[in-house]
Every structure is written in C-alpha cells, then in structure tokens.
Asker: 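The following block contains the structure, expressed as structure tokens.
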Amino acid sequence: MAKTSVVVEKGALFTVDLEDYQHALVSEKVYGEYPNHLEEPTYFILNQLEKRGIIGVFYVLGWIAAYYPRLVLDIALKGHKIGSHGFYH
C-alpha cells in the first residue's frame with residue numbers, strides 16, 4: 001500500500017494508495033460479496049503512524065470512499081490528508 005517515506009524537518013512524508021486489488025476484478029455493485037481486505041490493514045497502518053507521530057496523505061478511490069465513508073473519516077480525524085485517486089482508478 002505505501003508508496004514512499006522520506007524524512008523531512010519535523011517528521012515524515014508518507015503516502016498511501018487506498019484501494020483494494022479486487023476493484024480491478026469486480027464492479028462496486030458486487031464488491032460487498034467479496035472479503036474485506038481494506039479496513040483491517042488500513043487501521044493497522046493508522047495506528048503505526050500515530051505511534052510514530054507521522055502524518056501522511058491517503059489517496060482514495062472515489063467509489064472506495066463512498067463504500068467506506070467511516071474509514072475515510074477516521075483517516076481525516078487522525079490528522080491525515082485525503083487525496084483523490086480518481087473515482088474508478
């Protein structure tokens with residue numbers, strides 16, 4: 001998921017592409033019928049970043065944001081920036 005981490009003056013720059021590999025295989029209409037591979041690892045990453053005081057940018061697919069609005073809200077509430085990764089990709 002993570003693309004890069006670079007040390008800067010007061011912390012780290014960290015970006016994440018928030019997408020599920022299944023999005024390329026199925027439409028969002030049937031996405032809920034497949035196992036959730038997104039929330040657990042994202043919350044793990046959020047917890048690790050919080051422990052280290054790292055703020056990042058999470059690039060989110062639009063339809064993933066629509067499907068997981070609470071996850072996107074939680075990312076923002078932890079102080080991370082939300083960027084668009086396109087709606088479908």
Side-chain angles (χ1 to χ4, degrees):
M1 281 174 84
K3 291 195 313 187
T4 187
S5 179
V6 178
V7 177
V8 293
E9 285 184 37
K10 293 187 177 184
L13 174 65
F14 189 85
T15 64
V16 176
D17 286 349
L18 192 60
E19 56 186 87
D20 194 331
Y21 72 92
Q22 296 175 10
H23 79 271
L25 305 174
V26 300
S27 75
E28 74 273 15
K29 293 176 183 170
V30 296
Y31 179 75
E33 299 172 16
Y34 292 84
N36 178 338
H37 296 287
L38 200 59
E39 288 179 302
E40 183 179 338
T42 302
Y43 282 112
F44 175 82
I45 288 171
L46 286 171
N47 289 332
Q48 296 304 308
L49 294 174
E50 185 174 32
K51 286 179 187 178
R52 291 159 177 81
I54 298 171
I55 298 298
V57 180
F58 283 69
Y59 292 97
V60 184
L61 290 175
W63 76 268
I64 292 289
Y67 204 87
Y68 296 102
R70 181 65 211 198
L71 178 60
V72 176
L73 177 61
D74 288 344
I75 293 168
L77 289 174
K78 289 194 178 272
H80 302 284
K81 303 294 182 191
I82 305 295
S84 173
H85 195 50
F87 194 81
Y88 289 107
H89 199 265

Asker: Taking all non-hydrogen atoms of both residues, which atom of F87 and which atom of W63 are closest, and how far apart?
Answerer: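 So the two residues come closest at O-CD1, 3.0 Å.
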
Asker: Please answer whether the main-chain N or O of Y59 pairs with a side-chain N or O of H85 as donor and acceptor at a distance below 3.5 Å.
Answerer: no

Asker: Which distance, rounded to the nearest 0.5 Å, do you find between the NE2 of H80 and the CD1 of I54?
Answerer: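 Those atoms lie 9.0 Å apart.
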
Asker: Using side-chain contact (heavy atoms from CB on, under 4.5 Å) as the criterion, list what pairs up with Q48, not counting sequence neighbours.
Answerer: F44, K51, R52

Asker: Do D74 and K78 sit within salt-bridge range, that is, some charged N less than 4.0 Å from a carboxylate O?
Answerer: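 Salt bridge: no.
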
Asker: Considering non-hydrogen atoms only, spot the tightest contact between G79 and I55 and give its length.
Answerer: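 Nearest heavy atoms, G79 then I55: O-CG2, 3.2 Å.
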
Asker: How far does CD1 of I64 sit from CG of L71, to the nearest 0.5 angstrom?
Answerer: 9.5 Å

Asker: Decide yes or no on side-chain contact (heavy atoms from CB on, under 4.5 Å) for F58 and V72, but give the supporting numbers first.
Answerer: CA-CA 9 Å; F58 283 69; V72 176; over 6 Å; no

Asker: Check for me, please, whether L73 and L38 land in the same ILVMFWY cluster - side-chain distances under 4.5 Å, paths through other members count.
Answerer: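 They do not share one cluster, since no chain of ILVMFWY contacts under 4.5 Å joins L73 to L38.
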
Asker: To the nearest 0.5 Å, what is the distance between CG (L46) and CD (E39)?
Answerer: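 Nearest 0.5 Å value for the CG-CD distance: 11.0 Å.
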
Asker: Taking all non-hydrogen atoms of both residues, which atom of G83 and which atom of V57 are closest, and how far apart?
Answerer: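 For G83 versus V57, the nearest heavy atoms are N-CG1, 4.4 Å.
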
Asker: For residues P69 and A66, report the shortest heavy-atom separation together with the two atoms involved.
Answerer: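 Here P69 and A66 meet closest at CD-O, 3.4 Å.
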
Asker: Do you know the tightest heavy-atom contact between L61 and E19?
Answerer: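 It is CD1-CB, 3.5 Å.
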
Asker: Starting at CD1 of I75, measure out to OG1 of T42 and round the result to the nearest 0.5 Å.
Answerer: 6.0 Å

Asker: Locate the shortest heavy-atom distance separating G86 from S84; write the atom from each residue and the value.
Answerer: N-OG, 3.2 Å

Asker: Tell me, do F14 and I45 make a side-chain contact under 4.5 Å, heavy atoms counted?
Answerer: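 When only atoms from C-beta onward are counted, I45 and F14 do touch, with a gap below 4.5 Å.
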
